Number of protein chains: 2
Amino acid sequence: MSRAVPAAADAGLPIAAVERETGLAKDTLRVWERRYGFPQPLRDGAGNRRYPAAQVERLKVIRRLLDAGQRPGKVVGLDSAALQALLSGQAPLTPAAAARLPAGSELPSLQAMLDAIAAHDPQTLRRALTHARLGMGLASFINELVVPLSKAVGEAWMRGRLEIFEEHLYTELVSGVLRDAIAGLAPAVESGRPRILLTTLPQEQHGLGLLMVAALLTLEGCSCISLGTQTPLGDIALAAAVHDADVVALSFTSVQSGTAVLESLRVLRIRLPGQTGLWVGGSCSALYHKPLAGITAVRSLSDLPGVVAQWHCEHPQH
Amino acid sequence: MSRAVPAAADAGLPIAAVERETGLAKDTLRVWERRYGFPQPLRDGAGNRRYPAAQVERLKVIRRLLDAGQRPGKVVGLDSAALQALLSGQAPLTPAAAARLPAGSELPSLQAMLDAIAAHDPQTLRRALTHARLGMGLASFINELVVPLSKAVGEAWMRGRLEIFEEHLYTELVSGVLRDAIAGLAPAVESGRPRILLTTLPQEQHGLGLLMVAALLTLEGCSCISLGTQTPLGDIALAAAVHDADVVALSFTSVQSGTAVLESLRVLRIRLPGQTGLWVGGSCSALYHKPLAGITAVRSLSDLPGVVAQWHCEHPQH
DNA sequence: AATTATCTTTGTCCTGGACAATTTGGGCAA
DNA sequence: TTGCCCAAATTGTCCAGGACAAAGATAATT
């Protein structure tokens, strides 16, 4: 009998659900409401906030604009129309990238791949990726296809032209292709040096960069041990010790604050033995502002062979 | 000049870091402090909490005991010795599993694999896993080896016999083997039905269960589309629509609170078309307390073939 | 132009109170 | 004993509104 459902099935989402959906912390949602007058959730019987779906959508758009560099004071509180206008007007993150790949390139066109993503055709995309990988060699595949394509996907998402789930699916497929490639490579270099431990810090859940690095390093004759993403600092130090790693390699994106990243690196550098190398890379600008003591910052994946060569110079016994 | 380092290199972790490390919400940490007198963090210059490493360790132990069914009032506030005693006294999570695999079984022994994990020998472990997979068939490999082994690893971790990084490495290797297997299977069933969309909700970052499900379902002739982990609710609904999914399958662990999980499922069920199935599984006890309207709870991976068969019964046109 | 100092913005943390949902334990009937 | 129901205790999450440090923007100086 009755009491089937609280009836107010869509009176709106509670604040915890909005935090999950938008990635905006509960404290942030409350303080925006106080300062900018948006969002303006309804209240349930207990006085708790209930966010209507439309406001959640607007929050998601705002989130994208913030990721693109806008400041909250300018965009929170704008209505949907103004937000959409801003979105379309965003300057591309990588104006150079597009220019660098003129039409007529015989590479499998980025645009074609983007179209396959937007067409929700995973099989076609997977085939295209595998085909490209076999055709152009692993290093070129990564440097000339995966890197620019990932940038393009990120940018398309920022502009609202791709949904999050489309980016997720793209990431899954590329990961699969890269893992395949690594698996095919690994047996040859099981005991190569340097022995490199790969992972990311807690908070950093983006593992695609890690896979690309693992593939390129394996190609350079290193033996790679990947712990996946989000390993606590203490465990990284422990793992480096028990696996006799010559180098710890970490990948970053810009999701975390630069300060936090540098602080973590400082602590990790202290906990690692001095002779263990610490290589860092990824799209986190704080890594490259100034040289970090005892840390090798790798700006671009194409610099990796050089870094490995450098290591061999400094460790001639291997 | 000076100002090289704040000197207080390890005055303790801020509350946000403890939340990440332990999975305990900031609000919970504060309310425990108020009610039970533990934890009792130091304060930095600004009056913010700084948790010493020892307290964080104790919190992690407490978290494990809570997951094992203890109540906060009984365990928060016990000293380390009492906690350890409780921990060792915990009934094993899977008393049956050990009994079900008597010595002399010709299976690659779980113990041998656990030893390989503890010995930090990834190559041996990978070879053993691959060998087992080829020898026993994919379904048996998953149901009889990977599932009990993962349980054993989780339990060993809970008892403090394995470090997090050892679990991470194990997960990476098993994931690799499973992905390999799926890749070898997939081409045969590209358009099989049901077409199943796999992912996890935001907050749930454990993807191994998802891989096992994908493998078993592919084996049953389904075509699987995996979005990886942590897809927002709205995107799951969108993705199900554009990919013409017959079923959405979600995997859970016990890291999130049961209430939050059920609330999310309720919302998702509303947003999905009625004819789209919603299958859920994993080690989150809230899923199995009572039947959920419009949701199929799969208690064990070995039930999957039955669930697929059931689906075919109800959709004879496929 | 480049660097430094000052003002603004913004996310996170704080306190202490409240409450709803779950769990526990007792009382009572079968 | 077992099963069921209600009161009491437990427990996680939410709230308000204040505070502040880090980061960004702007102005002043070299």
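Numbered from 1 within each chain, the chains take letters A, B, ... in sequence-line order. These figures come from a predicted structure and were not determined experimentally. Just so it is clear, the values below take in all heavy atoms, side chains as well, and ignore hydrogens, waters and symmetry mates.
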Worksheet item: Backbone N or O of A:Thr22 within a donor-acceptor pair of the A:Arg63 side chain at under 3.5 Å?
Response: yes

Practice prompt. Check the distance between C:dC13's P and B:Asp44's CG and give it to me in whole angstrom.
Written response: 11 Å

Fill in: Options D:dA21, C:dC14, C:dT12, nucleotide nearest the side-chain atoms of B:Ala46
D:dA21

Item to complete: Nearest whole angstrom, please: distance from the P of C:dA20 to the CZ of A:Arg50.
Response: 13 Å

Worksheet item: Are A:Tyr36 and C:dT10 close enough that a side-chain N or O sits under 4.0 Å from OP1 or OP2?
Response: yes

Worksheet item: Which part of the nucleic acid, if any, lies within contact of A:Asp27, taking any heavy atom under 4.0 Å across all strands shown: a base, the sugar-phosphate backbone alone, or nothing?
Response: base

Fill in: Rounded interatomic separation in angstrom, taking CG from B:Leu29 and C1' from D:dT11
14 Å

Worksheet entry | Closest-nucleotide 5' rank along DNA chain C - winner of A:Gly45 and B:Arg43 | B:Arg43

Worksheet item: Looking only at heavy atoms, what is the nearest atom pair of B:Phe165 and A:Leu227, with distance?
Response: O-CD2, 3.8 Å

Worksheet entry | D:dT13 phosphate, OP1 or OP2, under 4.0 Å from B:Thr28 side-chain N/O | yes

Worksheet item: With respect to the side chain of A:Pro72, which nucleotide from C:dC14, D:dC14, C:dG11 is positioned closest?
Response: C:dG11

Worksheet item: Between atom CD of A:Glu163 and atom NZ of A:Lys60, what is the distance when rounded to the nearest 0.5 Å?
Response: 8.0 Å

Practice prompt. Please state how far atom CZ in A:Arg30 lies from atom C1' in D:dC14, giving the value in whole angstrom units.
Written response: 6 Å

Discussion item. Nearest heavy atom decides the nucleotide; on that basis, is A:Lys74 or A:Ile15 closer to the 5' end of DNA chain D?
Written reply: A:Ile15

Worksheet item: Can a side chain N or O of B:Arg34 be found less than 4.0 Å away from OP1 or OP2 on D:dT11?
Response: no

Worksheet item: Over how many whole Å does the gap from B:Asn48 atom CG to D:dG18 atom P extend?
Response: 18 Å

Worksheet item: Between B:Leu24 (CG) and D:dT11 (P), how many Å, whole number?
Response: 14 Å

Practice prompt. Using a strict cut-off of less than 4.0 Å between a Lys/Arg side-chain nitrogen and an Asp/Glu carboxylate oxygen, indicate whether B:Glu33 and B:Arg30 qualify as a salt bridge.
Written response: no

Worksheet item: Within less than 4.0 Å of OP1 or OP2 of C:dC13, is there a side-chain N or O belonging to B:Lys26?
Response: yes

Worksheet item: Rounded to the Å, how far apart are A:Gln70 CD and D:dA25 C1'?
Response: 15 Å

Worksheet item: Rounded to whole angstroms, how far apart are CG on B:Leu66 and C1' on D:dT10?
Response: 13 Å

Item to complete: Mind checking the CG-CZ spacing from A:Leu268 to A:Arg266? Nearest 0.5 Å is all I need.
Response: 11.5 Å

Worksheet item: Is there a side-chain polar atom (N or O) of B:Arg35 under 4.0 Å from OP1 or OP2 of D:dT11?
Response: no

Item to complete: May I ask you to say what B:Arg71 touches in the nucleic acid, namely base, sugar-phosphate or nothing, with a heavy-atom cut-off under 4.0 Å?
Response: sugar-phosphate

